Amino acid sequence: MAAAVPDTHMAARLVDWYEQNRRELPWRQTRDPYAIWVSETMLQQTRVETVIPYYHAFLAAFPTVRALAAAAEDEVLKRWQGLGYYSRARNLHRAAKQVVERHHGVIPDDEASFGQLPGVGPYTCGAVLSIAFGKPIPAVDGNVLRVMTRYLSLSDPIEQPAVKARVASAVKAWLDAADPNRLTQGLMELGATVCVPKSPRCTACPLQPGCAGSAAGIAEELPVRLPRRARKQVDVLALWIAHHGYVAVEQRPREGLLAGMWQLPAVEVERGPKALSDADKTALLRDKLAVLQPAMAAAGDVDFACIAQAKHVFTHIDWHVEVYRPLGDSWPQLDLSRCVPVQALKDLAWPRVYDRLIAELAQPLAVFDTGVVK
DNA sequence: AATCCGGGGCC
DNA sequence: GGCCCAGGATT
């Protein structure tokens, strides 16, 4: 099937449009592959405006791939705090170590080597190789998928590998006909500013002359996506144990949700048909306290008061968080190995919901510090 | 092919 | 409340 408009023509139109309309984003001021790699990783499923401050702070803290490789994982996570998808930070850190160990600290410019690094998938590989190294490797992200399913008028769900393959192949033809750096960024810029999800500005689009979706009048209906499942409902019962200026904390497991992040000691329970009763909650909190602070639990059956609540929505989970304070005014011992001074809370990497709760609770600390106020 | 993995802005 | 965002890893 021959293209209605030659690839060289459309590629040139797109690159010209990009030169005239590009936004001056921080990562467009450099060709440093490390900086571009950092930006592409942060931009995964994350908006440009959200990324900008993180990008500057991260590069200031870790200016080179060697600096990143030499950092502690906790420092890297702390710089990523609030950005979400924390595996990106852990993988980027691991990948930096591999670049130092296996590639002498030089970021590889070939698809096989770079694409093998942890956290580098097809998109990021194509983006870094085309933008930083000028190689004709397609970078198919959400923007490109939208632009090209419209341009080619593809109505099959974009989750299907065949659709992504068809799009990648079309992009490859354009890459071979133009400067890969500007073509890749032009495609994404077009998706971000003109070929937007709702009310696309087709009259301002350089690809309009060849756009099958626009010609068929179905551009706005594309791309087609599969429906999503409902989110799981999870109750989170957290403990606020503050004593003489120390607060009990715990680190989440190295894998799974919010891997490696810090939180108030908590139990997580998936919601069944019935809501948790107060007695259920007390029992769960007592069990947690027994593991966490045996000396406190051994002093007798403890009761709890709810001092804060929050709802937090993840992509696939709704968290219903309640923070409880153990009642009582004199504890025999507090295991300080599981606590940090209040002033040190800010140095740990917290998920958003806990960061907000702590800001709320640590402020009037004296009120809840069992060692200070009766 | 489906699910897991954050967080925020917009409608 | 649902949708989308410069996706990747795992099963």
Side-chain angles (χ1 to χ4, degrees), chain A residues 22-23 25-28 36-55 77 80-92 94-95 115-132 138-147 156-164 168 171 181 183-193 195-199 220 222-232 234 252-261 263 310-319 349-356:
Chain A
R22 56 179 272 182
R23 294 168 293 174
L25 302 176
W27 41 91
R28 287 182 179 163
I36 290 169
W37 179 19
V38 168
S39 78
E40 292 301 344
T41 305
M42 288 185 167
L43 285 162
Q44 290 168 14
Q45 296 292 288
T46 310
R47 297 174 189 283
V48 165
E49 314 83 69
T50 304
V51 165
I52 289 175
Y54 283 90
Y55 172 81
L77 271 182
W80 213 272
Q81 173 181 313
L83 202 50
Y85 285 150
Y86 300 98
S87 295
R88 293 183 294 175
R90 301 147 109 354
N91 283 334
L92 185 61
R94 276 204 299 149
Q116 196 173 348
L117 295 169
V120 179
Y123 164 74
T124 305
C125 185
V128 172
L129 290 193
S130 63
I131 296 171
V140 179
D141 72 333
N143 286 311
V144 177
L145 229 28
R146 183 171 55 254
V147 171
D156 290 326
I158 54 175
E159 286 80 4
Q160 292 184 5
V163 173
K164 294 183 183 178
V171 171
N181 174 307
L183 188 104
T184 294
Q185 299 200 70
L187 222 33
M188 294 193 286
E189 189 75 349
L190 190 69
T193 62
C195 195
V196 290
K198 291 180 179 175
S199 305
E220 190 163 1
L222 300 174
V224 173
R225 289 177 195 272
L226 262 29
R228 330 190 160 186
R229 286 196 351 171
R231 286 188 297 273
K232 199 192 307 183
V234 174
R252 297 181 61 87
R254 313 304 288 182
E255 305 205 335
L257 184 67
L258 301 166
M261 304 289 282
Q263 64 181 15
K311 183 183 177 186
H312 189 73
V313 179
F314 298 100
T315 308
H316 59 300
I317 304 172
D318 282 349
W319 257 13
W350 300 91
R352 202 55 126 187
V353 62
Y354 280 105
D355 195 42
R356 295 206 169 109

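Just so you know, these numbers come straight off a predicted model, no measurement behind them.
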Atom P, compared across B/dG9 and C/dG8: separation rounded to whole Å: 24 Å

Whole-angstrom distance between B/dA1 and C/dC5, as gauged at atom C1': 22 Å

is_close_aromatic(A/F314, A/H316), centroid dist under 6.0 Å: no

Touch class at under 4.0 angstrom, heavy-atom based, for A/L226 against every strand present: sugar-phosphate

Residues from residues 122-130 of chain A lying under 4.0 Å of DNA chain C - heavy atoms: A/P122, A/Y123, A/T124

Proximal nucleotide (of C/dA6, B/dC5, B/dG7) relative to the A/H312 side chain: B/dG7

Check: A/R90 side chain, A/R254 main-chain N or O, donor-acceptor pair, under 3.5 Å: yes

Distance below 4.0 Å between A/R252 side-chain N/O and B/dC5 OP1 or OP2: no

Check: A/R23/A/T193 side-chain N/O donor and acceptor closer than 3.5 Å: no

Separation of atom CD in A/Q116 from atom C1' in C/dG8, rounded to whole Å: 15 Å

Spacing of A/F314 atom CZ relative to B/dC5 atom P, expressed in whole Å: 9 Å

Nearest-nucleotide 5' precedence on DNA chain B, A/T46 against A/R229: A/R229

Base C/dC4 paired with A/R47 side chain (donor-acceptor, <3.5 Å): yes

Among B/dG6, B/dG7, C/dC4, the nucleotide that comes nearest once only the side chain of A/T315 is considered: B/dG6

B/dC5 phosphate, OP1 or OP2, under 4.0 Å from A/H316 side-chain N/O: yes

Rounded distance (Å) that lies between atom P of C/dA6 and atom OH of A/Y55: 17 Å

Backbone N/O of A/E189 and side chain of A/R22: donor-acceptor pair under 3.5 Å: no

Separation of atom CH2 in A/W27 from atom C1' in C/dA6, rounded to whole Å: 9 Å

Value in whole Å for how far the P atom of B/dC4 lies from CD1 of A/I317: 8 Å

Toward the 5' end of DNA chain C, by each residue's nearest nucleotide, A/P118 or A/R28: A/R28

Length of the line joining A/W319:CH2 and B/dC4:C1', which is rounded to integer Å: 14 Å

Spacing between A/Y354 atom OH and B/dG6 atom P, to the nearest angstrom: 13 Å

Sugar-phosphate, base or nothing in reach of A/V120, heavy atoms under 4.0 Å: sugar-phosphate

Distance in angstrom units between A/M261 CE and B/dC5 P, rounded: 14 Å

Which nucleotide in B/dA1, B/dG8, C/dG7 has an atom nearest any side-chain atom of A/P161: B/dA1

Side chain to side chain contact (heavy atoms under 4.5 Å, CB included) evaluation trace for A/L92 with A/W37: CA-CA 9 Å; A/L92 185 61; A/W37 179 19; 3.5 Å; yes

Any A/R356 side-chain nitrogen or oxygen under 4.0 Å from OP1 or OP2 of B/dG8: yes

Options C/dC5, C/dA6, C/dG7, nucleotide nearest the side-chain atoms of A/L43: C/dA6

Sugar-phosphate only, base, or nothing, as touched by A/G191 at under 4.0 Å among non-hydrogen atoms: nothing

Nearest to side-chain heavy atoms of A/Q45, which nucleotide of C/dG7, C/dC4, C/dA6: C/dG7

Distance between P atoms of B/dC11 and C/dA6 (Å, rounded): 15 Å

Under-4.0 Å side-chain N/O to phosphate OP1/OP2 contact, A/R88 with C/dG8: no

Touch class at under 4.0 angstrom, heavy-atom based, for A/L25 against every strand present: base

Candidates C/dA6, B/dG7, C/dG7 - which lies nearest the side chain of A/Y86: B/dG7

A/E159, CD atom: more than 12 neighbouring heavy atoms under 6.0 Å: yes

